[in-house]
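Presented below is the structure to which this report refers.
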Amino acid sequence: MHTQNNQPTVRTRVAPSPTGAPHIGTAFMALFNYAFAKRHGGQFILRVEDTDQARSTAESEQAILASLRWLGIPWDEGPDCGGPHAPYRQSERTRIYLEHGRRLLAAGAAYPCFCTAERLAELRRSQAGADCAGYDGLCARLAPADAARRLSAGEPHVLRLRVPADGECAMRDRLRGEIRIPWAKVDHQVLLKSDGYPTYHLANVVDDHLMGITHVIRGEEWLSSLPKHILLYQAFGWTPPEFAHLPLLRNPDKSKLSKRRNPTSILYYRQAGFLPEALINYLGLMAYSFADGREIFTLAEMAEHFEIDRISLGGPVFDFQKLQHFNGRYLRSLAPAALWQRLQAWLLNDAYWQNIIPLAQPRLNQLADFVPQAAFLFADRLDYPPALLVQSSGGLDGPGVARLLKTAQWELEKPPAWNTDAIRGVFNRIAEIEKMKLKQIMPVFYAALAGAPAALPAFDAMALLGRDLTLRRLHYALETLETQGIALKGKQLKDLEKSYRAAYGAAD
RNA sequence: GCGCCCAUCGUCUAUCGGUCAGGACACCAGGUUUUCAUCCUGGGAAGAGGAGUUCGACUCUCCUUGGGCGUGCCA
């Protein structure tokens with residue numbers, strides 16, 4: 001584990017949370033962590049941070065692993081392949097966090113907090129706009145005997161980090177140098193939740209240490225919680241790793257990349273026919289530049305030449321057109337035989353056609369009907385007359401169609417599994433929400449999905465397209481409506497979302 | 001509101017005190033091509049503002065402005 005000059009082997013990690021679709025930002029972080037580790041002859045670890053019991057799903061974890069494999073970023077240790085520090089799934093390590101929580105408690109670095117969710121909500125309300133937010137430290141001032149008594153009485157509680165009242169935390173970021181944050185601005189973070197699971201902060205620090213991570217390369221959104229992590233390393237008596245916070249990928253309006261404005265799921269890029277090496281190349285170009293100025297490069301080349309200090313800090317705007325350009329270059333440079341292989345690896349293969357045949361056969365008069373009928377299952381954006389969406393809506397006006405599409409987007413996010421039955425269930429529910437018959441709402445979706453008022457069965461088609469491309473088609477439909485001057489304007493959309501959330505639960 | 005981070009063409013970026021501020025995407029013009037696409041050539045396009053340091057600032061310091069993130073028993 002040590003090189004001849006006694007420097008520990010470089011070990012980096014990517015630590016995705018398996019909630020929802022595999023995010024392009026995860027690939028971005030994985031790429032830089034991988035490149036840095038390999039540049040220094042080290043290891044790259046994949047760790048699954050599934051400590052949010054409510055939102056983590058096995059499907060999401062599988063999709064993340066599959067996406068990283070598709071991108072060609074290999075990991076040396078992970079939940080699938082194991083390793084010397086297994087398990088690599090945090091939900092299987094709860095005992096470790098509990099134990100470390102006890103150590104913090106014993107050392108006085110953490111304290112039990114018995115405050116109710118209601119009290120905390122009230123606290124937050126009263127702090128709106130205040131200079132200092134966060135927990136008020138009520139339970140930190142509990143007499144030790146009191147706390148011990150309530151603890152042994154089995155009163156529900158969480159474990160909170162004890163933070164110094166004044167002074168400041170001096171930290172070092174590899175890319176930014178020294179950073180100072182007043183302790184007074186650091187919240188008494190919950191470390192162990194009342195369900196016995198750790199929060200990110202505890203689990204992350206404990207695992208990074210136990211797994212021998214030497215360099216934590218992560219998103220800039222973590223910079224402001226670095227003091228908490230430093231404090232934890234100190235409390236455990238551990239030497240902190242080196243930290244490098246990467247800028248966040250941005251939307252064209254500079255906000256953090258979100259699926260509202262960009263496709264963010266790696267699965268979308270795969271289904272829409274992007275080449276993994278083109279995507280990697282493009283991501284590598286964001287926030288990084290080779291010393292020799294080259295702009296076309298492979299993962300291996302990046303791993304060979306990567307210099308972490310050449311990372312730039314301005315948040316890069318994700319430019320879909322530029323990605324398309326790069327993808328086109330890669331595609332056109334392929335030998336015909338190689339292109340054919342790529343097409344087969346994509347969707348032009350027996351397995352995919354076999355799924356389509358039973359859907360198309362009942363609708364066939366000539367063999368020549370087949371390909372046109374199936375074409376929409378091989379496309380990204382479809383070209384159709386904008387009027388089609390409203391024409392086929394069976395009575396809904398423009399805004400009504402927009403509302404229907406929006407509702408569908410929210411509802412289609414929900415089922416953890418993606419198959420014909422789950423999708424049918426979703427649309428039955430949408431019909432209920434809209435107080436319409438399934439038969440009435442479906443034509444809009446045939447238009448959005450296939451660019452025609454009628455097509456192969458929609459639920460099966462969506463199952464084949466995958467969740468992310470399906471969602472994308474709905475997004476394109478909404479954009480198409482906008483070209484007709486039909487759009488849910490800011491307030492309208494907010495109101496719709498609000499009432500939707502209130503009635504039907506989380507939407508994002 | 002408060003804390004922290006950031007700041008070069010529309011976008012991604014190069015420059016590590018002295019450059020006609022370079023490249024890529026996008027855009028525009030021309031050429032090749034039976035069309036289109038590709039490809040080739042050319043063009044317009046940037047140091048947010050103000051102080052200071054210096055012989056000399058895009059580059060170093062400070063202020064202002066702008067943007068981002070954080071402010072959850074999410075990660």
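For the numbers below, each heavy atom of this structure counts, side chains included, while hydrogens, waters and symmetry mates do not. In this text, all values refer to a predicted model and were calculated from it rather than measured experimentally. Numbered from 1 within each chain, the chains take letters A, B, ... in sequence-line order.
A donor-acceptor contact shorter than 3.5 Å links the side chain of A:Arg467 to the backbone of A:Glu413. The backbone N or O of A:Glu242 lies less than 3.5 Å from no partner atom in the side chain of A:Arg172, so there is not a single donor-acceptor pair.
Checked for salt-bridge contact, A:Glu122 and A:Arg125 meet the test: a charged N lies under 4.0 Å from a carboxylate O. The pair A:Glu77-A:Arg11 meets the salt-bridge criterion, since a charged nitrogen lies less than 4.0 angstrom from a carboxylate oxygen.
A:Cys169 comes within contact range of no nucleotide atom at all, as no heavy-atom separation falls under 4.0 Å. Residue A:Val190 is in sugar-phosphate contact alone, with no base atom involved, counting any heavy-atom pair closer than 4.0 Å across all strands shown. Across all strands shown, A:Thr51 has heavy atoms under 4.0 Å from sugar-phosphate atoms exclusively, and none from any base. Within 4.0 Å (heavy atoms only), A:Thr199 reaches sugar-phosphate atoms of the nucleic acid but no base atom. Within the 4.0 angstrom heavy-atom criterion, base atoms lie near A:Leu120.
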Evaluation steps, side chain to side chain donor-acceptor pair (under 3.5 Å), between A:Asp52 and A:Tyr197: CA-CA 8 Å; A:Asp52 186 338; A:Tyr197 273 57; over 6 Å; no
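A:Phe32 and A:Phe306 have their aromatic ring centers within a separation under 6.0 angstrom. A distance of 6.0 Å or more separates the ring centres of A:Tyr233 and A:His209. The distance between the ring centers of A:Trp238 and A:His100 falls below 6.0 angstrom.
Nucleotides B:U32 and B:A37, compared at atom C1', are 13 Å apart to the nearest Å. Comparing the same atom, C1', in B:U8 and in B:U54 gives a spacing of 22 Å after rounding to whole Å. Nucleotides B:G42 and B:C36, compared at atom P, are 23 Å apart to the nearest Å. Nucleotides B:C5 and B:U61 place their P atoms 13 Å apart, quoted to the nearest Å. A gap of 11 Å separates the P atoms of B:G22 and B:G43, to the nearest Å. A gap of 12 Å separates the P atoms of B:A26 and B:C40, to the nearest Å. When the P atom is used for both B:U59 and B:A7, the distance is 12 Å, rounded to whole Å. B:C9 and B:C25 have their C1' atoms separated by 12 Å, with the value rounded to a whole Å.
Rounded to an integer number of Å, the gap from A:Tyr200 OH to B:A75 P is 10 Å. Note: CG (A:Leu192) to P (B:C74) measures 12 Å, nearest angstrom. If you take NE2 of A:His188 and C1' of B:C73, they are 16 Å apart, rounded to a whole angstrom. With rounding to whole Å, A:Gln127 atom CD is found 12 Å from B:G72 atom C1'. Atom CG in A:Leu226 sits roughly 15 Å away from atom P in B:G70 (whole-Å rounding). In this entry the distance linking CZ of A:Arg125 with C1' of B:G1 reads 18 Å, nearest Å. Straight-line distance from the CD atom of A:Gln324 to the P atom of B:U38: 12 Å, rounded to whole Å. Rounded to whole angstrom, the span from the CG atom of A:Asp52 across to the P atom of B:C74 amounts to 6 Å.
Two residues, A:Ile311 and A:Asp50, neighbour RNA chain B, and the one matched to the more 5' nucleotide by heavy-atom proximity is A:Ile311. A residue-by-residue look at A:Asp253 and A:Trp222 shows that A:Asp253 has its nearest nucleotide of RNA chain B further toward the 5' end.
Across all strands shown, nothing is found opposite B:A46 as a Watson-Crick or G-U wobble partner with both distances under 3.5 Å. Across all strands shown, B:U15 forms no Watson-Crick or G-U wobble pair with both distances under 3.5 Å. For B:G30, the paired base is B:C40 (Watson-Crick or G-U wobble, both distances below 3.5 Å). For B:C69, the paired nucleotide is B:G3, the pair qualifying as Watson-Crick or G-U wobble because both relevant distances are below 3.5 Å. When both pairing distances are held under 3.5 Å, B:A21 makes no Watson-Crick or G-U pair with any nucleotide shown.
Within the 4.0 Å cut-off from OP1 or OP2 of B:C69, not a single side-chain nitrogen or oxygen of A:Arg218 is found.
For A:Lys256, taking side-chain heavy atoms from C-beta onward, the closest of the listed nucleotides B:A75, B:C69, B:C25 is B:C69. For A:Gln321, the side-chain atoms get nearest to B:C25 when compared with the rest of B:C25, B:C69, B:C74.
Annotation: cation-pi geometry not satisfied between A:Arg250 and A:Phe318 (NZ/CZ under 6.0 angstrom from ring centroid, within 45° of ring axis).
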Polar atoms only, N or O, under 3.5 Å: list the protein pairs with nucleotides 2-13 of chain B and their distances.
residue	atom	partner	partner atom	Å
B:C2	O2'	A:Asp131	O	3.1
B:C2	O2'	A:Lys185	NZ	2.6
B:C5	O2'	A:Arg176	NH1	2.8
B:C5	O2'	A:Glu220	OE2	2.7
B:C12	OP1	A:Val317	N	3.0
B:C12	O2'	A:Leu285	O	3.1
B:C12	O2	A:Lys322	NZ	3.3
B:U13	OP1	A:Ala287	N	2.6

